[in-house]
Amino acid sequence: MDSVQRPSLAQPQRDFALRGAGAEIIEQLTSSTHQLPAKTVRSWFSEALLGWDLSYSSINPPTVVIDGDLSIGNCWSFLGSTGSLAMRFSEKIYIANITIYHVASNLIAKMDVQKAPRQIILWGILDSPEHVESAVRHNNASTFLCRASCLAVGTQHNCRVAHPPLFRLANIMYDLHSREHIQYSEVDSAIYADHDHLSFQQILLEIQDNWGADSTCIYGVSIHGVEVIRT
């Protein structure tokens, strides 16, 4: 059996949350897009004839979060202040930190500024029984491990299915009053201090609230880390 070696997280790290690097949105664990129109006969005809639905042309899908384009207005929006965004990377990685992107507040209207996320939890998705067993052996499993029904969005209209077991990696606050509109947070230091082999190929961002708007807009997310090395 291959052994797994964890490289130092202090070394330069790649951003794995890019579509160009193989990242994908997990739609079943991602909130519904705000103002996404219902399917009609006309939209079905448009999609069959042209290959896309013309009524969707002004609506940004959640994939904009992993496209790397931070142009004003190029964000993914969901209704309300609580929601979730899940993604899958091209490979398993040790996650070191996360960066949340929003537009500088002096460049957009106040109502759009308030759509920025506020409190966020970064969860690693445990995608197999073996993965769950590994997480259970963590010294702080009782604090970090969530087997079911622990998301604030779990009983809301915008969470489509029950979530898989999760492992909390970071509590994040996006500070709207900071000078920096691009904000960085590290994974909880206890994660790898007690458990060297807890890697993830899928993550879920739980947005717990925003800054007062009736919808929330996410411009971009970077997940930095290092790939698992098998020897």
Side-chain angles (χ1 to χ4, degrees), residues 15-40 43-44 46-48 50-70 73-93 95 98-102 115-117 120-128 131-132 146-169 172 200-210 214-223 225:
D15 180 7
F16 289 86
L18 286 171
R19 189 146 60 152
E24 301 173 332
I25 298 298
I26 305 173
E27 293 187 5
Q28 295 87 347
L29 296 174
T30 295
S31 297
S32 299
T33 299
H34 185 32
Q35 295 181 333
L36 192 65
K39 285 286 187 181
T40 64
S43 68
W44 283 112
S46 169
E47 190 168 359
L50 302 175
W52 69 90
D53 185 347
L54 289 175
S55 63
Y56 284 26
S57 58
S58 61
I59 306 297
N60 290 326
T63 50
V64 300
V65 175
I66 57 175
D67 278 343
D69 180 357
L70 303 176
N74 194 47
C75 65
W76 168 64
S77 178
F78 61 83
L79 184 63
S81 60
T82 62
S84 60
L85 173 70
M87 66 182 74
R88 179 185 297 107
F89 310 127
S90 60
E91 56 193 304
K92 281 202 169 188
I93 65 171
I95 299 173
I98 176 174
T99 303
I100 304 294
Y101 299 86
H102 201 74
K115 293 180 180 180
I120 304 166
I121 299 178
L122 171 61
W123 297 95
I125 296 176
L126 302 170
D127 54 13
S128 69
H131 207 183
V132 174
C146 165
R147 290 183 180 271
S149 303
C150 59
L151 298 184
V153 297
T155 57
Q156 305 274 337
H157 66 281
N158 53 11
C159 189
R160 300 176 184 175
V161 296
H163 65 77
L166 304 170
F167 199 85
R168 183 170 54 79
L169 299 175
I172 304 153
F200 298 92
Q201 191 169 2
Q202 303 177 63
I203 60 98
L204 185 146
L205 280 179
E206 178 191 358
I207 298 92
Q208 296 188 309
D209 62 0
N210 63 20
D214 60 4
S215 63
T216 306
C217 216
I218 310 293
Y219 272 85
V221 174
S222 288
I223 302 290

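When a residue number appears, it is its place in the shown sequence, counting from 1.
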Is there a side-chain contact between [X] and [Y], using heavy atoms and a 4.5 Å cut-off?
X	Y	value
L205	L122	yes
I218	I207	yes
S84	L29	no
I98	L169	no
T30	L85	yes

If I take atom [atom1] from residue [X] and atom [atom2] from residue [Y], how far apart are they, to the nearest 0.5 angstrom?
X	Y	atom1	atom2	answer
I25	I66	CD1	CD1	4.0 Å
F16	S90	CZ	OG	6.5 Å
I95	I203	CD1	CD1	6.5 Å
I100	I120	CD1	CD1	4.0 Å

All side chain to side chain contact (heavy atoms under 4.5 Å, CB included) counterparts of P165, not counting sequence neighbours |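 Here the qualifying residues are L126, V132.
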Contact summary for [X] and [Y], nearest pair of heavy atoms:
X	Y	value
F89	F200	CD1-O, 4.0 Å
Q208	I121	NE2-CD1, 3.5 Å
P117	C217	CD-O, 3.7 Å

Please say which of Q202, K92, Q201 ends up in a side chain to side chain contact (heavy atoms under 4.5 Å, CB included) with H131.
->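 The single option meeting the side chain to side chain contact (heavy atoms under 4.5 Å, CB included) with H131 is K92.
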Output yes when a side-chain donor or acceptor of N210 lies under 3.5 Å from a complementary backbone atom of S215, and no otherwise.
->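 Yes, because the side chain of N210 sits within donor-acceptor range (under 3.5 Å) of the backbone of S215.
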Quick one: does T216's side chain have a donor or acceptor within less than 3.5 Å of a partner on F78's backbone?
->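 The answer is no, because no donor-acceptor pair under 3.5 Å joins these two groups.
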Could you list the residues that satisfy salt bridge (Lys or Arg N to Asp or Glu O under 4.0 Å) with D214, not counting sequence neighbours?
->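 Salt bridge (Lys or Arg N to Asp or Glu O under 4.0 Å) list for D214, sorted by chain: empty.
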Salt bridge (Lys or Arg N to Asp or Glu O under 4.0 Å) with R88: which residues, sequence neighbours excluded?
->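 Listed in chain order: E24.
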Partner of W76 by side chain to side chain donor-acceptor pair (under 3.5 Å), out of D67, T33, N60 =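 Result: among D67, T33, N60, T33 is the only option passing the side chain to side chain donor-acceptor pair (under 3.5 Å) with W76.
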Assign the ring pair H102 / Y219 to parallel, tilted or perpendicular, where the plane angle (0 to 90°) is split at 30° and 60°.
->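 Perpendicular.
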Please report the C-alpha distance between L166 and I125 in whole Å, then the side-chain angles of each, then the deciding distance to 0.1 Å, and finally whether the side chain to side chain contact (heavy atoms under 4.5 Å, CB included) criterion is met.
-> CA-CA 5 Å; L166 304 170; I125 296 176; 3.7 Å; yes
